[in-house]
Amino acid sequence: MNRASFDGSYGAYGGRYVSETLVFALDELTRAVSEILLRDAFQAELDQLLSTYVGRPTPLTEATRLARALDPSGASLGRLFLKREDLCHTGAHKINNAIGQVLLAKKMGKTRIIAETGAGQHGVATATACALFGLPCHVYMGEEDVARQAPNVGRMKLLGAEVISVRSGSRTLKDAMNEALRDWVTNVATTHYCIGSAAGPHPYPELVARLQSVIGVEAREQILERTGALPDAAIACVGGGSNAIGLFRGFLTAKSVRLFGVEAAGDGVDTPRHAAPLTAGRVGVLHGSKSYLLCDDEGQILEAHSISAGLDYPGVGPEHAHLKDTGRARYLAATDAEALAACKTIAQTEGIIPALETAHALARIYDAAAEVSQAVGRPATVVVGFSGRGDKDLATLLAHLVTPEAGRA
Ligand SMILES: *Cc1c(COP(=O)(O)O)cnc(C)c1O
């Protein structure tokens with residue numbers, strides 16, 4: 001978007017499939033990105049908040065015991081580094097985007113923020129940013145999710161946000177997003193819609209990728225300092241795709257760094273219960289943008305399934321669709337069971353409990369390293385986007401991993 005001509009297409013994907021009423025708002029936001037967000041003064045203010053409030057730069061942790069647990073011989077996986085977004089305020093990378101968008105909205109003169117949320121993580125991040133900047137916050141959430149994610153509903157309310165329970169459709173994330181778009185159409189003059197991932201109509205995928213690119217920029221600097229070289233591979237989980245694109249942006253132009261995204265395979269990509277549109281979906285339009293998605297033969301959007309609420313979305317950001325088609329990034333998938341097993345392995349080798357989303361990336365580290373080491377002829381150095389911590393998933397983890405008889409996992 002430093003190019004004035006950038007129209008939001010990533011190859012054949014992206015764009016802006018919206019009603020005419022939203023075009024004005026999206027144009028206004030596109031202008032704000034180039035005229036406010038990209039200015040040095042804004043970046044300096046944002047950097048200050050990221051360092052004094054969010055806790056950036058996040059550490060790059062070498063995971064030696066995990067590396068040896070995944071590959072005892074060390075023949076495929078050499079050194080393994082974790083980019084620790086779990087140590088951000090609110091426990092995941094989502095705050096990078098929320099703080100940036102709400103600060104931008106404030107500079108644009110907007111007086112009200114709306115957001116959609118599935119698991120509640122983006123809702124909590126947005127409510128946090130709104131409390132920090134003193135703006136009212138309205139979060140749309142499917143009725144089903146409100147019931148499933150009670151702790152995050154409580155957090156949002158405590159932070160002063162209003163949570164609006166959505167009763168349409170499947171009463172989950174995609175319906176919440178539709179409802180938020182409807183609100184935006186009505187209140188566009190005063191309201192900024194804070195989208196939670198690198199998806200949606202132009203300029204959102206680019207705006208969110210830029211705000212998350214701090215992950216990759218830091219990781220690149222840190223790994224150069226630690227190893228004297230770029231990594232052989234970078235790998236991250238993909239829901240809407242924001243933490244992955246944020247990490248990838250640090251390495252996209254360095255062709256020697258192979259990029260891997262990991263989608264949620266749920267019960268398996270050959271079953272109807274998964275959330276892997278890049279692996280097993282088709283091309284279509286969802287939430288204002290063209291990309292891969294899960295739909296039936298009539299084009300009806302299908303319900304996604306993943307044990308991790310943050311990956312449970314039937315679409316994916318358009319830049320990932322383009323990176324897949326061009327082969328610049330490879331997309332793999334991990335099942336619910338594989339993610340759960342990966343949680344236990346890293347908890348017991350490194351003393352870090354990951355978010356279930358993050359665990360999907362962890363589950364495919366060895367496969368990515370094996371593929372890359374084959375190509376480069378030596379053990380691979382890998383950087384993992386460690387998108388979030390597992391506190392929010394404790395109930396799920398305990399239900400699946402701790403057997404009552406043994407009393408321990
Ligand atoms: C929301 C979330 C994700 C998935 O979102 P992306 O936009 O694909 O990054 C991944 N990890 C964690 C911890 C999350 O909270």
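Indexing begins at 1, ligand by ligand and atom by atom, following the structure's order. Just so you know, residue 1 is the first one in the sequence shown, and it goes up from there.
Under 3.5 Å, the side chains of H287 and Y313 contain a donor-acceptor pair of N or O atoms.
Partners of E179 under the side-chain contact (heavy atoms from CB on, under 4.5 Å) rule, at least two apart in sequence or in another chain, are Y140, V166, S168, R182.
Ring centroid separation for the pair H320 and Y292 does not come in under the 6.0 Å cut-off.
Around ligand 1 you find A92, H93, K94, Q121, S197, C237, V238, G239, G240, G241, S242, N243, G310, L311, A355, E357, S387, G388, each with a heavy-atom distance below 4.0 Å.
Annotation for R226 and E62: closest pair NH2-N, 3.8 Å, computed over non-hydrogen atoms.
Residue N96 is tested with L46, L50, L211, T58 for a side chain to side chain contact (heavy atoms under 4.5 Å, CB included); the sole match is L50.
Taking 4.5 Å as the limit, some side-chain heavy atom of V372 sits within range of a side-chain heavy atom of F260.
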